[in-house]
J.: 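Pasting in a structure now, in structure tokens, and then I'll have a few things to ask.
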Amino acid sequence: MMVAGRKIAETENEVRYEFGLDRHFDRVLTIDKCSWKASADDGRLDAAAVALASKIRRTWEDHGDFPPGVVFSS
């Protein structure tokens, strides 16, 4: 599985990423910056969405900011 995401918006409270399998950016993931709660625009918090949210959080922990893009593969 390869999930790619790119940041499309960031506010004081949340960050949003377009994402999808094999670089088909057909979904949107929103992460609350305070609680780290992630939600998908289509209501499906499946393995792809969780993997992407985890990768974003690890990158944020390593670098201190939300990355412009991430790729998760397994």
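Index from 1, following the sequence. These numbers were taken from a predicted model, which means no experiment stands behind them.
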J.: Strictly below 4.0 Å, N to O, side chains only: are Asp32 and Lys37 in salt-bridge contact?
T.: no
J.: Give the minimum heavy-atom separation between Arg58 and Phe72, together with the two atoms involved.
T.: NH2-CD1, 4.3 Å
J.: Which distance, rounded to the nearest 0.5 Å, do you find between the SG of Cys34 and the CD of Glu14?
T.: 10.5 Å
J.: Find out if a path of hydrophobic residues (ILVMFWY) with successive side-chain heavy-atom gaps under 4.5 Å connects Tyr17 to Met1.
T.: yes
J.: Please find the pair of heavy atoms, one from Gly20 and one from Asp26, that lie closest to each other, and give the distance.
T.: CA-OD1, 3.9 Å
J.: Would a single hydrophobic cluster contain both Phe19 and Trp36, if residues Ile, Leu, Val, Met, Phe, Trp and Tyr are joined by side-chain heavy-atom contacts under 4.5 Å?
T.: yes
J.: Output, in order, the C-alpha distance, side-chain angles, deciding distance and verdict of side-chain contact (heavy atoms from CB on, under 4.5 Å) for Thr30 and Arg16.
T.: CA-CA 4 Å; Thr30 302; Arg16 295 172 52 88; 2.9 Å; yes
J.: Does Leu52 share a hydrophobic cluster with Leu21, counting links as ILVMFWY side-chain heavy atoms below 4.5 Å and allowing steps through other members?
T.: yes
J.: Within this structure, what is the CD1-CG distance for the pair Ile31 and Asn13, rounded to the nearest 0.5 Å?
T.: 13.5 Å
J.: One thing to verify: whether Asp65 and Lys7 come together as a salt bridge, which I'm taking to mean a side-chain N less than 4.0 angstrom from a carboxylate O.
T.: no
J.: Could you tell me whether the side chain of Lys55 and the main chain of Ser73 form a donor-acceptor pair under 3.5 Å?
T.: no
J.: With distance as the sole test, does Arg27 use its side chain to make a donor-acceptor pair with the main-chain N or O of Arg44 at under 3.5 Å?
T.: yes
J.: Check whether any side-chain N or O of Asp41 sits under 3.5 Å from a backbone N or O of Val28 as a donor-acceptor pair, and report yes or no.
T.: yes
J.: Below 4.5 Å, heavy atoms only, C-beta onward: do Glu10 and Val15 meet side chain to side chain?
T.: yes
J.: Restricting to non-hydrogen atoms, name the atom on Lys33 and the atom on Thr11 that form the minimum distance, rounded to 0.1 Å.
T.: NZ-O, 2.7 Å
